[in-house]
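First the structure, in the form of structure tokens, and then the observations on it.
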Amino acid sequence: MLVVKDVGKRYGDFTALQQINLEFNTGLYGLLAPNGAGKTTLIKMLATLITPSEGEIQFKGKNIIDMDEQYRELLGFLPQQFGYYKNYSPKQYMLYLAALKGIGKKEALQKIDELLEKVALGDVVNKKMKKFSGGMIQRVGIAQALLNDPKILILDEPTAGLDPKERARFRHILTELARDRLVIISTHIVSDIESIANEIIMIKKKQLLYKDSVEQICATLNGNVFETTVDFELLEAFRKKYVLLSEKQEYGKMIVRFIHKSVPEAEWKQVVPQLEDVFLYEYRDEIEGEV
Ligand SMILES: Nc1ncnc2c1ncn2[C@@H]1O[C@H](COP(=O)(O)OP(=O)(O)O)[C@@H](O)[C@H]1O
Ligand SMILES: [Mg+2]
């Protein structure tokens, strides 16, 4: 349906992305990479907010930039920084956006009620948004992106700043929405998408690293992830020797999870790789200090 062909993006002398090739169909795609990897850059190109420096993006064989309005009618978009009006209620805000999109008031009112219900804001349609939590605001963001019943829904870091309960609700809403449309969501948080995405896209060093199912991506570390206990005194040496994924204290001992790509020690326990392991391993140089 949507195809990214040899796309690159430069900002002046700086190359943000190069040689990106992707194909999207109906379903949920998670664009997963650390901050600064180029997620917003790719998403803005998919939303025609910026144009590729090289290559092109096609919808059903047509360049989306040439399709112009015809493409934007298919598109729902929630930007990373979503501007809303504190003194508006969701209903007023959506009515305003509907008017901008040329949707008639009667049709808009019905649509707005339906959408706010869908994102579980049915009880607060007339409450001012300044009283809303971050999760509620983001749900207004989804609702506004759905006003034109888009075939393609693109959300840039929609879960930033949400608590675990709101994240769970969000995952549920996204799964529903991806049943009959293409949904692309970017995030740097593995748990936001690992259980719901049909495919995960990872970008590393400005290029495509993986575009595959969670299972296939995890399989790249099969046989390489281990857990063992380490004495506190030896922990520092262990950290230097291996790529550590996590450390936790249990009954006064340190249990470490780490990567090793050759013959393991007998006492190590081999474990099944998780997407978080791949994320921490692949981006170990980029996210140092953040985790
Ligand atoms: N308008 C811009 N001008 C110059 N550099 C930019 C611009 N937008 C983004 N960048 C740079 O491109 C890289 C990718 O940014 P971005 O796409 O925002 O990444 P992400 O969304 O994954 O955090 C970063 O190094 C960022 O500083
Ligand atoms: Mg971003």
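One-based numbering along the sequence shown. These numbers come from the heavy atoms of this one structure, side chains and all, not from hydrogens, waters or symmetry mates. Ligands are counted one by one from 1 in listed order, and the atoms in each one are counted from 1 as well.
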Applying side chain to side chain contact (heavy atoms under 4.5 Å, CB included), run through Val190 and Leu32 and close with a yes or a no. CA-CA 7 Å; Val190 173; Leu32 174 69; 4.1 Å; yes

For the Mg ion (ligand 2), decide whether Asn35 has an N, O or S atom at a distance under 2.8 Å. no

Any protein heavy-atom neighbour for atom 10 (N) of ligand 1 (distance below 4.0 angstrom)? yes

Arg167 to Phe170 six-membered ring, cation-pi geometry met (6.0 Å, 45°): no

Can a non-hydrogen atom of Pro34 be found less than 4.0 Å from any atom of ligand 1? yes

Does any N or O in the side chain of Arg181 come within less than 3.5 Å of the main-chain N or O of Ala178, such that one atom is a donor and the other an acceptor? no

With atom 15 (O) of ligand 1 as the reference point, say which of Ile203, Thr41, Leu42, Leu31 has the nearest heavy atom. Thr41

Given 3.5 Å as the limit, does a donor-acceptor pair link the side chain of Gln110 with the main chain of Glu107, or not? no

Would you mind listing which atoms of ligand 1 come within a distance below 4.0 Å of any non-hydrogen atom of Phe14? 11 (C), 12 (O), 13 (C), 25 (O)

Nearest-0.5 Å distance that lies between atom CD1 in Ile259 and atom CG in Leu280: 8.5 Å

Who's the nearest protein heavy-atom neighbour of atom 5 (N) of ligand 1, and how far? Tyr11 CD1, 3.4 Å

Hey, do the aromatic rings of Phe258 and Phe238 have their centres closer than 6.0 Å? yes

for atom 18 (O) of ligand 1, nearest protein heavy atom and its distance come out as Thr40 CB, 3.6 Å

Could you measure the distance from the NZ atom of Lys5 to the CD atom of Gln19? Nearest 0.5 Å is fine. 13.0 Å

Looking at the Mg ion (ligand 2), is one of the N, O or S atoms of Thr40 less than 2.8 Å from it? yes

Do other residues, nucleotides or ligands put more than 12 heavy atoms under 6.0 Å from the CD atom of Glu265? yes

Can you find an N or O of Gly38 that's nearer than 3.5 Å to an N or O of ligand 1? yes

Can you tell me if Gly36 contacts ligand 1 (heavy atom of the residue under 4.0 Å from the ligand)? yes

Under 4.0 Å from one or more heavy atoms of Asn35, ligand 1 contributes atoms 23 (O)

Just to confirm, does any protein heavy atom lie below 4.0 Å from atom 2 (C) of ligand 1? yes

Give the atoms of ligand 1, by number and element, whose distance to some non-hydrogen atom of Lys39 is under 4.0 Å. 17 (O), 19 (O), 20 (P), 21 (O), 22 (O), 23 (O)

Could you tell me whether a side-chain N or O of Asp212 sits under 3.5 Å from a main-chain N or O of Ile217, the two making a donor and an acceptor? no

